[in-house]
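Take a look at the structure below.
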Amino acid sequence: MMYRLISTIALLVATGSAYAVEVEPLVSPQWLDEHLQDDNLVVLDIRSSVDNGGDRSSFEKAHIPGSIYSSYTEDGWRETRDGVQGMMPPVASLERLIGGLGITNDDTVVIVPAGTGATDFGSAARVFWTFKVLSHDEVTILDGGLAGWKEAGLEVASGEARYPDPARFAAELDDSLLATTDEVEAAGESRVQLVDARPEGFFSGDTQSPATAAPGTIPGSLNLPYEQFLHDDQGAWHLDTAEVSARLQAAELSGDTPMVSFCNTGHWAATDWFVLSQIAGFEDVALYDGSMAEWSQDESRPIQVAKRGLGKVLDALGIGDDSEG
(Lines give C-alpha, C1' and ligand atoms only; values in the text may rest on other atoms or scores of the structure.)
Protein backbone atom coordinates (compact mmCIF):
# COMPACT_ATOMS: atom_id res chain seq x y z
CA MET A 1 0.00 0.00 0.00
CA MET A 2 2.80 2.41 0.94
CA TYR A 3 4.65 1.63 -2.30
CA ARG A 4 1.50 2.33 -4.28
CA LEU A 5 0.99 5.65 -2.46
CA ILE A 6 4.59 6.71 -3.07
CA SER A 7 4.29 5.72 -6.73
CA THR A 8 1.10 7.75 -7.09
CA ILE A 9 2.74 10.82 -5.53
CA ALA A 10 5.79 10.41 -7.76
CA LEU A 11 3.54 10.18 -10.82
CA LEU A 12 1.68 13.36 -9.84
CA VAL A 13 4.94 15.21 -9.32
CA ALA A 14 6.35 13.97 -12.59
CA THR A 15 3.28 14.90 -14.60
CA GLY A 16 2.17 17.95 -12.67
CA SER A 17 3.68 20.36 -15.17
CA ALA A 18 1.25 19.10 -17.81
CA TYR A 19 -1.74 20.47 -15.98
CA ALA A 20 -3.06 23.94 -15.25
CA VAL A 21 -2.17 25.65 -11.99
CA GLU A 22 -5.08 25.99 -9.58
CA VAL A 23 -5.60 29.67 -8.78
CA GLU A 24 -7.90 32.02 -6.94
CA PRO A 25 -10.08 34.32 -9.08
CA LEU A 26 -7.90 37.32 -8.17
CA VAL A 27 -4.11 37.18 -7.69
CA SER A 28 -1.56 39.70 -6.51
CA PRO A 29 1.50 40.91 -8.42
CA GLN A 30 3.62 39.05 -5.87
CA TRP A 31 1.82 35.77 -6.60
CA LEU A 32 2.30 36.20 -10.33
CA ASP A 33 5.97 37.09 -9.90
CA GLU A 34 6.50 33.85 -7.94
CA HIS A 35 4.67 31.74 -10.55
CA LEU A 36 5.78 33.50 -13.73
CA GLN A 37 7.97 30.57 -14.80
CA ASP A 38 5.33 27.88 -14.09
CA ASP A 39 4.56 25.50 -16.91
CA ASN A 40 1.22 26.02 -18.61
CA LEU A 41 0.85 29.56 -17.26
CA VAL A 42 -0.21 32.15 -19.83
CA VAL A 43 -0.17 35.86 -19.00
CA LEU A 44 -2.72 37.54 -21.24
CA ASP A 45 -2.47 41.34 -21.49
CA ILE A 46 -5.80 42.79 -22.72
CA ARG A 47 -5.15 46.53 -22.47
CA SER A 48 -7.26 48.77 -24.67
CA SER A 49 -8.55 52.32 -25.01
CA VAL A 50 -10.88 51.73 -22.04
CA ASP A 51 -9.77 54.18 -19.31
CA ASN A 52 -6.83 55.10 -21.58
CA GLY A 53 -5.33 51.69 -20.89
CA GLY A 54 -3.24 51.57 -24.05
CA ASP A 55 -2.90 49.39 -27.14
CA ARG A 56 -0.43 47.08 -28.84
CA SER A 57 2.19 49.81 -29.08
CA SER A 58 1.81 50.43 -25.34
CA PHE A 59 2.31 46.73 -24.76
CA GLU A 60 5.49 46.74 -26.80
CA LYS A 61 6.85 49.60 -24.72
CA ALA A 62 6.16 47.92 -21.37
CA HIS A 63 4.64 44.60 -20.31
CA ILE A 64 5.04 41.75 -17.86
CA PRO A 65 7.86 39.45 -19.03
CA GLY A 66 6.61 36.55 -21.11
CA SER A 67 3.10 37.93 -21.54
CA ILE A 68 1.11 37.92 -24.77
CA TYR A 69 -1.25 40.60 -26.04
CA SER A 70 -4.84 40.66 -27.26
CA SER A 71 -6.86 43.89 -27.35
CA TYR A 72 -10.14 43.65 -25.45
CA THR A 73 -11.85 46.11 -27.79
CA GLU A 74 -10.31 45.18 -31.14
CA ASP A 75 -9.68 41.45 -31.28
CA GLY A 76 -13.14 39.90 -31.01
CA TRP A 77 -13.85 39.32 -27.32
CA ARG A 78 -17.24 40.99 -27.89
CA GLU A 79 -19.24 41.75 -31.00
CA THR A 80 -22.12 43.86 -32.28
CA ARG A 81 -24.96 41.64 -33.45
CA ASP A 82 -28.39 42.71 -34.75
CA GLY A 83 -27.56 46.26 -33.72
CA VAL A 84 -26.69 45.28 -30.14
CA GLN A 85 -23.22 46.14 -28.84
CA GLY A 86 -21.26 43.92 -26.47
CA MET A 87 -22.70 40.52 -27.33
CA MET A 88 -20.74 37.35 -26.69
CA PRO A 89 -19.43 36.04 -30.04
CA PRO A 90 -20.27 32.49 -31.19
CA VAL A 91 -18.37 29.75 -29.38
CA ALA A 92 -16.54 28.75 -32.56
CA SER A 93 -15.25 32.31 -33.00
CA LEU A 94 -13.96 32.41 -29.44
CA GLU A 95 -12.30 29.03 -29.87
CA ARG A 96 -10.41 30.41 -32.86
CA LEU A 97 -9.49 33.60 -31.02
CA ILE A 98 -8.19 31.82 -27.92
CA GLY A 99 -6.52 28.98 -29.80
CA GLY A 100 -4.92 31.50 -32.16
CA LEU A 101 -3.17 33.01 -29.15
CA GLY A 102 -1.64 29.61 -28.43
CA ILE A 103 -3.81 29.00 -25.35
CA THR A 104 -4.86 25.40 -24.72
CA ASN A 105 -7.34 23.76 -22.37
CA ASP A 106 -4.42 22.79 -20.11
CA ASP A 107 -3.29 26.37 -19.52
CA THR A 108 -3.90 28.63 -16.56
CA VAL A 109 -4.67 32.10 -17.90
CA VAL A 110 -3.77 35.24 -15.94
CA ILE A 111 -5.69 38.20 -17.35
CA VAL A 112 -3.88 41.53 -17.11
CA PRO A 113 -5.88 44.76 -17.52
CA ALA A 114 -4.22 48.15 -17.58
CA GLY A 115 -5.19 48.92 -13.99
CA THR A 116 -5.95 52.51 -14.96
CA GLY A 117 -9.58 52.79 -13.88
CA ALA A 118 -12.72 51.14 -12.58
CA THR A 119 -14.16 50.61 -16.06
CA ASP A 120 -10.88 49.03 -17.17
CA PHE A 121 -11.36 46.28 -14.56
CA GLY A 122 -14.60 45.38 -16.34
CA SER A 123 -12.52 44.41 -19.39
CA ALA A 124 -10.69 41.79 -17.33
CA ALA A 125 -13.90 40.64 -15.66
CA ARG A 126 -15.61 40.23 -19.04
CA VAL A 127 -12.74 38.17 -20.48
CA PHE A 128 -12.66 36.14 -17.24
CA TRP A 129 -16.41 35.49 -17.60
CA THR A 130 -15.86 34.51 -21.24
CA PHE A 131 -13.38 31.82 -20.26
CA LYS A 132 -15.75 30.58 -17.54
CA VAL A 133 -18.75 30.46 -19.89
CA LEU A 134 -16.56 28.40 -22.23
CA SER A 135 -15.98 25.99 -19.29
CA HIS A 136 -12.32 26.94 -18.85
CA ASP A 137 -12.01 27.24 -15.08
CA GLU A 138 -8.29 27.87 -14.63
CA VAL A 139 -8.38 31.61 -15.14
CA THR A 140 -7.62 34.54 -12.86
CA ILE A 141 -7.23 38.34 -12.91
CA LEU A 142 -4.12 40.24 -11.85
CA ASP A 143 -5.34 42.67 -9.20
CA GLY A 144 -4.21 46.18 -10.11
CA GLY A 145 -3.28 45.12 -13.64
CA LEU A 146 -0.04 46.33 -15.19
CA ALA A 147 -0.20 49.50 -13.09
CA GLY A 148 -0.23 47.38 -9.94
CA TRP A 149 2.68 45.29 -11.25
CA LYS A 150 4.71 48.46 -11.81
CA GLU A 151 3.63 49.86 -8.44
CA ALA A 152 5.08 46.72 -6.81
CA GLY A 153 8.44 47.48 -8.44
CA LEU A 154 8.52 44.26 -10.47
CA GLU A 155 10.39 43.68 -13.73
CA VAL A 156 8.97 45.14 -16.92
CA ALA A 157 9.92 43.96 -20.41
CA SER A 158 9.61 45.62 -23.82
CA GLY A 159 9.36 44.50 -27.42
CA GLU A 160 6.90 42.42 -29.42
CA ALA A 161 5.06 39.52 -27.83
CA ARG A 162 6.41 36.04 -28.50
CA TYR A 163 3.31 33.93 -29.08
CA PRO A 164 3.20 30.15 -28.79
CA ASP A 165 2.16 28.22 -31.89
CA PRO A 166 -1.59 28.32 -32.55
CA ALA A 167 -3.32 25.61 -30.56
CA ARG A 168 -6.63 23.79 -30.41
CA PHE A 169 -8.87 25.25 -27.74
CA ALA A 170 -12.06 23.23 -27.30
CA ALA A 171 -14.91 25.00 -25.52
CA GLU A 172 -18.13 23.76 -24.00
CA LEU A 173 -20.80 26.40 -23.43
CA ASP A 174 -21.95 26.76 -19.82
CA ASP A 175 -25.25 28.48 -20.48
CA SER A 176 -25.99 28.76 -16.76
CA LEU A 177 -23.68 31.79 -16.76
CA LEU A 178 -25.33 33.48 -19.76
CA ALA A 179 -28.78 35.00 -19.38
CA THR A 180 -31.05 35.43 -22.39
CA THR A 181 -33.66 38.14 -22.91
CA ASP A 182 -36.41 35.55 -22.44
CA GLU A 183 -34.95 34.59 -19.07
CA VAL A 184 -34.72 38.23 -18.02
CA GLU A 185 -38.34 38.78 -19.05
CA ALA A 186 -39.34 35.85 -16.82
CA ALA A 187 -37.20 37.01 -13.88
CA GLY A 188 -40.17 38.18 -11.82
CA GLU A 189 -42.01 34.90 -12.09
CA SER A 190 -38.88 32.81 -11.53
CA ARG A 191 -37.82 34.94 -8.53
CA VAL A 192 -34.53 35.95 -10.09
CA GLN A 193 -32.99 39.16 -8.75
CA LEU A 194 -31.87 41.48 -11.54
CA VAL A 195 -28.78 43.51 -10.62
CA ASP A 196 -28.12 46.74 -12.53
CA ALA A 197 -24.36 47.40 -12.38
CA ARG A 198 -24.52 50.92 -13.83
CA PRO A 199 -23.95 54.18 -11.94
CA GLU A 200 -27.08 55.55 -10.30
CA GLY A 201 -27.78 58.08 -13.06
CA PHE A 202 -28.28 55.35 -15.63
CA PHE A 203 -30.43 53.35 -13.21
CA SER A 204 -32.72 56.32 -12.51
CA GLY A 205 -32.92 57.34 -16.15
CA ASP A 206 -31.19 60.69 -15.68
CA THR A 207 -28.37 59.49 -17.95
CA GLN A 208 -28.64 57.44 -21.13
CA SER A 209 -25.98 55.45 -22.97
CA PRO A 210 -25.86 55.94 -26.76
CA ALA A 211 -25.93 52.14 -27.00
CA THR A 212 -29.49 52.04 -25.64
CA ALA A 213 -32.76 53.10 -27.25
CA ALA A 214 -34.24 54.54 -24.04
CA PRO A 215 -33.15 55.61 -20.55
CA GLY A 216 -34.07 53.77 -17.37
CA THR A 217 -33.77 50.23 -16.07
CA ILE A 218 -35.57 46.90 -16.10
CA PRO A 219 -38.42 46.91 -13.55
CA GLY A 220 -37.64 45.04 -10.36
CA SER A 221 -33.90 45.61 -10.66
CA LEU A 222 -31.61 46.47 -7.79
CA ASN A 223 -28.85 49.03 -8.37
CA LEU A 224 -25.34 47.85 -7.43
CA PRO A 225 -22.94 50.31 -9.14
CA TYR A 226 -19.81 48.53 -10.28
CA GLU A 227 -17.41 51.36 -9.38
CA GLN A 228 -18.07 51.05 -5.63
CA PHE A 229 -16.03 47.84 -5.60
CA LEU A 230 -12.83 49.43 -6.91
CA HIS A 231 -10.37 51.95 -5.50
CA ASP A 232 -7.33 53.85 -6.69
CA ASP A 233 -4.13 53.01 -4.85
CA GLN A 234 -1.33 55.31 -6.05
CA GLY A 235 -2.50 55.12 -9.66
CA ALA A 236 -3.32 51.40 -9.73
CA TRP A 237 -6.98 50.39 -9.49
CA HIS A 238 -7.65 47.40 -7.23
CA LEU A 239 -10.76 45.42 -6.37
CA ASP A 240 -11.74 46.28 -2.80
CA THR A 241 -12.43 42.71 -1.65
CA ALA A 242 -12.55 43.68 2.03
CA GLU A 243 -15.63 45.82 1.43
CA VAL A 244 -17.60 43.33 -0.68
CA SER A 245 -19.48 41.66 2.17
CA ALA A 246 -20.53 44.94 3.77
CA ARG A 247 -21.68 46.43 0.47
CA LEU A 248 -23.73 43.36 -0.42
CA GLN A 249 -25.32 43.33 3.04
CA ALA A 250 -26.20 47.00 2.63
CA ALA A 251 -27.83 46.13 -0.69
CA GLU A 252 -29.68 43.24 1.03
CA LEU A 253 -28.23 40.71 -1.39
CA SER A 254 -27.54 37.12 -0.42
CA GLY A 255 -26.68 33.94 -2.25
CA ASP A 256 -30.12 32.47 -1.55
CA THR A 257 -31.59 34.10 -4.68
CA PRO A 258 -30.53 33.50 -8.31
CA MET A 259 -29.19 36.70 -9.86
CA VAL A 260 -28.58 38.22 -13.28
CA SER A 261 -26.24 41.18 -13.68
CA PHE A 262 -26.67 43.66 -16.53
CA CYS A 263 -25.64 47.18 -17.56
CA ASN A 264 -25.70 48.91 -20.97
CA THR A 265 -23.58 46.50 -23.05
CA GLY A 266 -22.51 43.72 -20.66
CA HIS A 267 -19.23 45.37 -19.64
CA TRP A 268 -19.83 46.93 -16.21
CA ALA A 269 -22.11 43.97 -15.51
CA ALA A 270 -19.07 41.70 -15.70
CA THR A 271 -17.59 43.42 -12.64
CA ASP A 272 -20.75 42.81 -10.62
CA TRP A 273 -20.90 39.22 -11.89
CA PHE A 274 -17.27 38.71 -10.83
CA VAL A 275 -17.85 40.20 -7.38
CA LEU A 276 -21.06 38.25 -6.75
CA SER A 277 -19.93 34.87 -8.07
CA GLN A 278 -16.17 34.82 -7.55
CA ILE A 279 -15.56 37.01 -4.50
CA ALA A 280 -18.83 36.67 -2.55
CA GLY A 281 -19.17 33.06 -3.68
CA PHE A 282 -22.83 33.22 -4.73
CA GLU A 283 -23.52 30.08 -6.75
CA ASP A 284 -26.31 31.08 -9.14
CA VAL A 285 -25.23 34.25 -10.95
CA ALA A 286 -25.53 34.86 -14.70
CA LEU A 287 -24.64 37.79 -16.93
CA TYR A 288 -27.02 39.31 -19.48
CA ASP A 289 -24.63 40.23 -22.28
CA GLY A 290 -27.29 42.02 -24.32
CA SER A 291 -28.17 44.17 -21.29
CA MET A 292 -30.09 47.43 -21.82
CA ALA A 293 -28.82 47.74 -25.39
CA GLU A 294 -30.84 44.66 -26.31
CA TRP A 295 -33.68 45.10 -23.82
CA SER A 296 -34.52 48.62 -24.98
CA GLN A 297 -34.67 47.68 -28.68
CA ASP A 298 -38.21 46.36 -28.26
CA GLU A 299 -40.66 49.09 -27.25
CA SER A 300 -43.02 46.50 -25.78
CA ARG A 301 -40.56 45.66 -23.00
CA PRO A 302 -41.11 47.70 -19.83
CA ILE A 303 -38.53 50.24 -18.70
CA GLN A 304 -38.62 51.92 -15.30
CA VAL A 305 -37.44 55.48 -14.68
CA ALA A 306 -37.34 57.45 -11.44
CA LYS A 307 -40.31 59.65 -10.81
CA ARG A 308 -39.59 63.37 -10.80
CA GLY A 309 -41.38 66.64 -10.13
CA LEU A 310 -45.16 66.26 -10.10
CA GLY A 311 -44.94 62.48 -9.98
CA LYS A 312 -43.13 62.64 -6.65
CA VAL A 313 -45.63 65.16 -5.25
CA LEU A 314 -48.56 62.96 -6.22
CA ASP A 315 -46.88 59.96 -4.62
CA ALA A 316 -46.41 61.90 -1.42
CA LEU A 317 -50.14 62.70 -1.42
CA GLY A 318 -50.95 59.06 -2.00
CA ILE A 319 -52.43 59.59 -5.46
CA GLY A 320 -49.46 58.68 -7.62
CA ASP A 321 -49.77 56.44 -10.67
CA ASP A 322 -47.83 53.22 -10.02
CA SER A 323 -47.98 52.18 -13.67
CA GLU A 324 -44.95 54.25 -14.73
CA GLY A 325 -42.20 52.43 -16.62
message: Could you check whether atom CD of E283 has more than 12 heavy atoms from other residues, nucleotides or ligands sitting under 6.0 Å from it?
response: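 No, CD of E283 has 12 or fewer neighbouring heavy atoms, counting only those of other groups under 6.0 Å.
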message: Is it the case that over 12 heavy atoms from other parts of the model lie below 6.0 angstrom from the CG atom of D174?
response: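 It does: D174 CG has more than 12 such atoms within range.
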In terms of hydrophobic clusters joined by side-chain contacts under 4.5 Å, are [X] and [Y] together?
| X | Y | result |
| --- | --- | --- |
| F203 | V195 | no |
| V139 | V42 | yes |
| L154 | I64 | yes |
| L239 | I111 | yes |
| L142 | V43 | yes |

Just by modelled atom types, is the [Y] backbone N or O under 3.5 Å from a matching donor or acceptor in the [X] side chain?
| X | Y | value |
| --- | --- | --- |
| S158 | K61 | no |
| S296 | T212 | no |
| R301 | T181 | no |
| D272 | S261 | no |
| D233 | A236 | no |
| Y69 | R47 | yes |
| D51 | T116 | no |

- prompt: What pairs with R56 under side chain to side chain donor-acceptor pair (under 3.5 Å), at least two apart in sequence or on another chain?
  reply: Y163
- prompt: Who passes side chain to side chain donor-acceptor pair (under 3.5 Å) against D120, sequence neighbours left out?
  reply: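 So D120 forms no side chain to side chain donor-acceptor pair (under 3.5 Å) with any residue.
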- prompt: Got Y288 and E294 here, is their nearest side-chain heavy-atom distance under 4.5 Å?
  reply: yes
- prompt: Does some side-chain heavy atom of E183 sit less than 4.5 Å from a side-chain heavy atom of V192?
  reply: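 No; the side chains remain at least 4.5 Å from each other.
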- prompt: side-chain contact (heavy atoms from CB on, under 4.5 Å) with D107: which of V110, N105, I103?
  reply: I103
Can you tell me how far apart [atom1] ([X]) and [atom2] ([Y]) are? Round to the nearest 0.5 Å.
| X | Y | atom1 | atom2 | value |
| --- | --- | --- | --- | --- |
| R198 | S204 | CZ | OG | 9.0 Å |
| Q228 | E200 | CD | CD | 12.0 Å |
| F59 | S71 | CZ | OG | 12.0 Å |
| L230 | T241 | CG | OG1 | 10.5 Å |
| H231 | W237 | NE2 | CH2 | 9.0 Å |

Without hydrogens or angle criteria, can the side chains of [X] and [Y] be said to hold a donor-acceptor pair below 3.5 Å?
| X | Y | answer |
| --- | --- | --- |
| D182 | T180 | no |
| T217 | D196 | yes |
| T104 | D106 | no |
| S291 | W268 | no |

Aromatic ring pairing H136/F169, orientation class (parallel under 30°, perpendicular over 60°, tilted between):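 It falls in the tilted class, 30° to 60°.
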Compile the donor-acceptor pairs under 3.5 Å between side chains in residues 124-131 and protein atoms, sequence neighbours left out, one pair per line.
from : atom 1 : to   : atom 2 : distance (Å)
R126 : NH1    : G86  : O      : 3.1
R126 : NH1    : G266 : O      : 2.9
R126 : NH2    : G86  : O      : 2.8
W129 : NE1    : L177 : O      : 3.1
T130 : OG1    : R126 : O      : 2.8

message: On a heavy-atom basis, which atom in P199 and which in P225 lie closest, and how many Å separate them?
response: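 Residues P199 and P225, closest heavy atoms: CA-CB, 4.2 Å.
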query: Which pairs count as salt bridge (Lys or Arg N to Asp or Glu O under 4.0 Å) when at least one residue sits in residues 79-93, sequence neighbours excluded?
result: E79-R81
message: Suppose the criterion is salt bridge (Lys or Arg N to Asp or Glu O under 4.0 Å): which pairs have a residue in residues 146-171, not counting sequence neighbours?
response: none
With a cut-off of 3.5 Å and sequence neighbours excluded, list every side-chain donor-acceptor pair involving residues 89-100.
from : atom 1 : to   : atom 2 : distance (Å)
S93  : OG     : R96  : NH2    : 3.3
E95  : OE2    : A171 : N      : 2.8

task: Establish, yes or no, whether a centroid distance under 6.0 Å links the rings of F229 and F121.
output: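 Here the rings of F121 and F229 have centres that are no less than 6.0 Å from each other.
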